[in-house]
Amino acid sequence: MSPRTPLRPLARILDARARGENPDAIEAENIRDRHEAMRDKSRARAESRLLLLVMGFCAAFLTIGIRMAALAGAEPEEPRTIASASRIQAQRADIVDRNGNVLATNLVTHALYSHPRDMVDPARAARELARIFPDMSEEKLLRQFTGGSAFLWLRKKLSPEQVQAVHDIGEPGLLFGPREMRLYPNGKLAAHLLGGASFGEEGVHSAEVIGVAGIEKAMDERLRDPDQLDKPLQLSIDLPVQAAIAEVLHSGMKLLNARGAASILMDAQTGEVLAMVSLPDFDPNDRPPPPTEGDPADSPIFNRALQGVYELGSVMKIFPVAQALELGLVTPDTMVPSNSPMQLGRFKVRDYKNYGPQLSVTDVIVKSSNVGTARVVSQIGPVRQQAFLKELGLLDPSPVELIEAPRARPLLPRKWSDIASATISYGHGMSTSPMQLAAGYAAMVNGGYKVTPTLIKRDSAPPRGEPVISEQTSAQVRTMLRKVVEKGTAKMAEVPGYYIGGKTGTADKQKPTGGYWKDKVMANFAGAFPMNDPRYVIIVSLDEPVETSGTEARRTAGWTAVPVTAEIVRRIAPLLGLRPAEVEAHTPTKVTTVRN
């Protein structure tokens with residue numbers, strides 16, 4: 001800072017006195033000069049501040065003007081969309097079967113929207129759109145076009161023919177937005193497995209595709225990973241086998257008047273699911289909405305193979321018998337009491353007919369004796385039985401890679417008593433799904449190793465699971481299951497050369513109010529083939545089937561699920577590369593299907 005100038009400088013005071021002038025004039029002059037300097041400085045400061053304020057206002061108005069000009073020249077975004085189209089992840093990896101056949105892919109399509117304020121003839125536009133899209137109302141469209149809206153979504157996806165038809169209207173207020181949609185080229189085939197997809201965040205120029213059910217939902221993060229978009233998700237499903245099973249199962253369901261049906265084909269060694277069918281089904285290209293009332297099983301989106309938790313009947317008998325063999329409590333030839341009925345507390349266990357005072361353990365399975373099975377499980381006890389079933393995975397949700405799997409929990413008794421143990425041994429009192437049943441049977445026939453069901457193709461053989469029974473016990477179980485087909489309740493499952501083995505199960509359906517229906521059953525067959533070296537496990541389940549070719553209606557699995565299984569194996573064995581061990585003349589079963 002410059003030194004402050006004194007108001008009465010001594011030198012000038014002395015000089016003024018020497019000349020006879022008034023020294024006070026010097027002080028007044030200095031005060032005036034100082035005030036003028038302060039005033040000039042204040043004026044300069046005010047002018048600079050005013051200039052900065054003007055520049056700020058100009059910059060703000062210029063920014064707003066540029067933004068308004070940009071918005072006026074750009075396409076409007078969908079009102080609920082916040083992010084810009086460039087931030088929307090629209091791509092999604094393909095899904096293919098084990099042989100590379102496409103199950104799901106993305107297809108470039110267009111969305112239709114409108115700028116009603118730019119329309120030349122709203123009435124004509126509404127009329128023509130209602131003609132092109134019969135589900136649209138001409139009156140509603142006209143109200144929307146004349147209601148003052150600046151932007152309207154009209155259609156989220158269009159076919160090429162629809163794009164051309166709308167273009168031919170020639171209305172400048174109708175506009176197209178490019179986007180990708182999910183396409184399932186095989187229609188209903190593997191619908192419950194794939195689930196379906198829909199649009200997530202949407203903009204005028206793109207929309208993200210997200211999974212809503214099935215493996216599309218369960219593997220959504222993998223399918224949308226930008227680093228893996230060019231690498232298809234390869235499933236364990238074999239498309240031709242899936243198609244063959246679906247066709248035969250559909251024919252069997254109609255022929256046997258069943259309410260629904262399900263089937264699973266699983267690799268007995270690896271747990272890979274080669275086919276999973278649930279009927280009725282749906283087209284994932286147009287997935288129906290979830291039901292809001294009534295029985296969920298009546299909805300076509302209900303996956304009976306996984307979400308269907310049922311009492312499965314006598315197919316469960318092989319588990320207590322295998323456990324008793326493993327514990328050394330019985331051998332295949334051990335005789336057990338089998339007189340029917342068997343008194344169990346205040347309840348009675350009955351067989352379809354009285355098989356006499358004794359049956360061998362093998363015949364307990366072959367003849368499907370409830371009494372014999374209850375006698376066997378009484379030697380095991382509830383605690384060990386429960387632990388064994390849990391080890392097989394029958395008491396927990398299936399770990400298979402579907403979003404619905406964790407919610408499909410088995411229904412277990414509140415108290416695992418001796419009575420509960422007996423009824424569970426022959427398939428009542430506990431409900432589980434066909435998927436869990438398939439995994440349990442795989443362990444029974446593959447040498448005794450637990451398998452984990454999977455829908456993802458394995459690049460190499462997985463490490464063997466924990467042993468649940470020995471190889472010797474597994475061999476004894478295979479022999480029993482084979483005899484069920486040779487001379488037991490599943491004779492119509494025989495397909496020459498493929499050595500099918502398995503177990504039937506006919507379970508009375510429970511009433512919603514308690515108790516059981518007398519004329520409604522779940523008919524099941526669980527088996528494997530070829531039984532001399534089991535490679536595949538097959539499950540067939542029919543809901544309320546009735547076979548009416550004879551004089552009386554027949555509902556048991558031997559007359560319903562079994563012949564359907566035989567026809568499935570007859571169709572798919574060649575597709576799986578299995579050659580029959582022997583070729584001999586075959587007489588068709590009484591229940592069969594033909595194709596024109």
Side-chain angles (χ1 to χ4, degrees), residues 73-81 83-95 102-147 149-189 191 194 196-212 216 223-224 229 282-289:
E75 295 285 356
E77 291 186 353
E78 182 182 0
R80 68 182 182 88
T81 301
S84 65
S86 61
R87 292 173 54 191
I88 294 178
Q89 172 65 42
Q91 291 77 27
R92 191 173 182 85
D94 289 352
I95 301 176
V102 176
L103 299 174
T105 188
N106 272 21
L107 177 70
V108 176
T109 183
H110 290 84
L112 176 63
Y113 63 96
S114 69
H115 290 166
R117 295 175 183 174
D118 296 337
M119 283 189 169
V120 176
D121 190 349
R124 179 174 176 272
R127 184 172 60 254
E128 291 298 317
L129 287 175
R131 180 182 59 81
I132 298 170
F133 306 105
D135 58 326
M136 286 185 168
S137 166
E138 179 181 347
E139 293 76 14
K140 182 178 179 181
L141 285 171
L142 185 57
R143 284 197 304 271
Q144 291 175 326
F145 292 159
T146 57
S149 299
F151 179 92
L152 288 172
W153 273 121
L154 298 178
R155 208 80 176 182
K156 293 193 174 184
K157 53 187 178 182
L158 303 174
S159 68
E161 294 79 9
Q162 290 170 336
V163 171
Q164 185 60 48
V166 174
H167 183 271
D168 291 342
I169 297 176
E171 174 57 65
L174 296 177
L175 303 170
F176 301 104
R179 64 180 54 204
E180 293 190 16
M181 60 170 282
R182 201 62 164 168
L183 177 68
Y184 301 93
N186 302 294
K188 293 184 176 182
L189 200 56
L194 295 168
S198 183
F199 293 117
E201 187 178 25
E202 295 183 73
V204 169
H205 297 292
S206 64
E208 66 178 356
V209 182
I210 59 173
V212 296
E216 287 273 28
L223 292 166
R224 298 176 63 195
L229 291 176
F282 63 95
D283 188 345
N285 292 298
D286 187 20
R287 181 180 171 85

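Applying the salt bridge (Lys or Arg N to Asp or Glu O under 4.0 Å) rule to Glu180 yields no partners; only residues at least two apart in sequence or on another chain are considered. Under the ring-ring contact (aromatic ring centres under 6.0 Å, His included) criterion, Phe282 pairs with His192, not counting sequence neighbours. Remark: Ile210 pairs with Glu208, Asp220, Arg224 by the side-chain contact (heavy atoms from CB on, under 4.5 Å) rule, at least two apart or across chains. The side-chain hydrogen bond (donor to acceptor under 3.5 Å, both in side chains) check on Ser149 picks up nothing, with sequence neighbours excluded. Residues satisfying the salt bridge (Lys or Arg N to Asp or Glu O under 4.0 Å) criterion with Arg131, sequence neighbours excluded, are Glu128. In this structure, the salt bridge (Lys or Arg N to Asp or Glu O under 4.0 Å) partners of Asp135, at least two apart in sequence or on a different chain, are Arg155. Looking at residues two or more places apart in sequence or on another chain, you find a side-chain contact (heavy atoms from CB on, under 4.5 Å) between Ala93 and Arg222, Leu223. For Glu161, the side-chain contact (heavy atoms from CB on, under 4.5 Å) partners are Ser159, not counting sequence neighbours. With sequence neighbours excluded, the residues forming a side-chain contact (heavy atoms from CB on, under 4.5 Å) with Ala126 are Glu138, Leu141, Leu142, Phe145, listed by chain and number. Under the rule for a side-chain hydrogen bond (donor to acceptor under 3.5 Å, both in side chains), Ser198 has no partner lying at least two apart in sequence or in another chain.
Residues Leu174 and Ala125 share a closest heavy-atom pair of CD1-CB, 4.4 Å. A pairwise comparison of heavy atoms in Lys188 and Asp283 identifies CG-N, 3.9 Å as the closest pair. Residue Asn106 comes nearest to Arg182 through the heavy atom pair OD1-NH1, 2.9 Å, listed as atom of the first residue, atom of the second, then distance. Taking each heavy atom of Ala197 and Val209 in turn, the nearest pair found is CB-CG1, 3.9 Å. In this structure, Gly187 and Pro284 approach most closely via the heavy-atom pair O-CD, 3.1 Å.
One finds the OG atom of Ser114 at 10.5 Å from the CH2 atom of Trp153 (value rounded to the nearest 0.5 Å). In this structure, the separation between CE on Met119 and CG on Leu152 is 7.5 Å, given to the nearest 0.5 Å. To the nearest 0.5 Å, atoms NZ (Lys157) and CG (Leu107) are separated by 10.0 Å.
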What donor-acceptor contacts under 3.5 angstrom involve side-chain atoms of residues 163-170, with partners at least two apart or in another chain?
| residue | atom | partner | partner atom | Å |
| --- | --- | --- | --- | --- |
| Gln164 | NE2 | Asp168 | OD1 | 2.9 |

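Sorted pairs that involve residues 106-122 and meet salt bridge (Lys or Arg N to Asp or Glu O under 4.0 Å), not counting sequence neighbours, are lacking altogether.
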Exercise for review: Please report the C-alpha distance between Gln162 and Thr109 in whole Å, then the side-chain angles of each, then the deciding distance to 0.1 Å, and finally whether the side chain to side chain contact (heavy atoms under 4.5 Å, CB included) criterion is met.
Suggested key: CA-CA 11 Å; Gln162 290 170 336; Thr109 183; over 6 Å; no

Exercise for review: Let me see the working for Leu158 and Phe176 under side chain to side chain contact (heavy atoms under 4.5 Å, CB included), right down to the final yes or no.
Suggested key: CA-CA 9 Å; Leu158 303 174; Phe176 301 104; 3.8 Å; yes

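When atom types are taken as modelled, the side chain of Asn186 and the backbone of Leu103 share no donor-acceptor pair closer than 3.5 angstrom.
Counting only heavy atoms from C-beta outward, the side chains of Met181 and Lys156 never approach each other to under 4.5 Å.
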